[in-house]
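Chain letters run A, B, ... following the sequence lines, proteins first and then strands; every chain starts at 1.
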Amino acid sequence: EADIYQTPRYLVIGTGKKITLECSQTMGHDKMYWYQQDPGMELHLIHYSYGVNSTEKGDLSSESTVSRIRTEHFPLTLESARPSHTSQYLCASSPAGSANTGELFFGEGSRLTVL
Amino acid sequence: GEDVEQSLFLSVREGDSSVINCTYTDSSSTYLYWYKQEPGAGLQLLTYIFSNMDMKQDQRLTVLLNKKDKHLSLRIADTQTGDSAIYFCAERKAGTALIFGKGTTLSVSS
């Protein structure tokens, strides 16, 4: 059983509000990721981190920002939420090292609705 | 192509075999994966195959890999109603995170 947790699971919020989606993992994984998933669409990588103080933007441009101050924590922030940000956000982690299979361990997701 | 391609829907009867197909993008991808997503949940790894293998079997699951055609398939034998979910194909390209397809929704009727 993977030990990666996301909060909140569901969030409904008004336009213009600042929101932070939390993601924590207790596996000591160096690599962490945020994917955005819309219904019937593939997962799009929006941010990733290969270690503390390392963050990169993914393939899909996003107005969100992330930080990685601690290994276990990778929060995602939207400064001013808009209806176009309505989506499911999935956090994942994986161990570093070429010997690993590259498997990602996913949280259960945060479903964000912006009114 | 640039995208990992999957058919979007598959409907089968309980007890039949299900075959979900995927075309990936990069012949140099080292690992290929099948993930399962149940309603309201995150993705969970079902199985993976290393690129130097042609086939991998794990209980009711059989993965076939055709590197020449960049084609991956997942066969579920004796499909059960509990297998109803969305199945994602993914590839691991060198130096990148996993690239996912759009997912195939498997519907199993009794």
Taking non-hydrogen atoms and a cut-off under 4.5 angstrom, which of residues 51-87 of chain A neighbour chain B?
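If one takes a 4.5 Å heavy-atom cut-off, the residues of residues 51-87 of chain A near chain B are A:Asp59.
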ILVMFWY network linking [X] to [Y], side-chain heavy atoms under 4.5 angstrom:
| X | Y | answer |
| --- | --- | --- |
| B:Leu64 | B:Leu106 | no |
| B:Val19 | B:Val12 | no |
| B:Leu32 | B:Phe50 | yes |
| A:Tyr5 | A:Tyr10 | no |
| A:Tyr89 | A:Val12 | no |

Under a 4.5 Å heavy-atom cut-off, does chain A meet the side chain of B:Tyr35, its backbone, both or neither?
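Only the side chain of B:Tyr35 comes within 4.5 Å of chain A.
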Portion of B:Gln6 that has a non-hydrogen atom of chain A nearer than 4.5 angstrom:
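For B:Gln6, no heavy atom lies under 4.5 Å from chain A.
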Test your reading of the model: is there a side-chain donor-acceptor pair from B:Tyr31 to the backbone of A:Glu103, 3.5 Å cut-off?
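The answer is no, because no donor-acceptor pair under 3.5 Å joins these two groups.
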Is the number of heavy atoms from other residues, nucleotides or ligands under 6.0 Å of A:Lys31 NZ greater than 12?
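Buried by this count: over 12 neighbours within 6.0 Å.
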Are A:Glu108 and B:Leu43 side-chain neighbours, meaning at least one heavy-atom pair lies under 4.5 Å?
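Contact flag for A:Glu108/B:Leu43 side chains = no.
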Check whether any side-chain heavy atom of B:Leu98 sits under 4.5 Å from a side-chain heavy atom of A:Tyr35, and report yes or no.
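B:Leu98 vs A:Tyr35: side chains touch.
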Check each atom of [X] against the heavy atoms of chain B and say whether the ones under 4.5 Å are side chain, backbone, both or neither.
| X | result |
| --- | --- |
| A:Arg111 | neither |
| A:Gln88 | side chain |
| A:Leu43 | both |
| A:Leu104 | both |

Output all residues satisfying side chain to side chain donor-acceptor pair (under 3.5 Å) with B:Glu38, sequence neighbours left out; order by chain, then residue number.
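Partners of B:Glu38 by the side chain to side chain donor-acceptor pair (under 3.5 Å) criterion, ordered by chain and then number, come out as B:Lys36.
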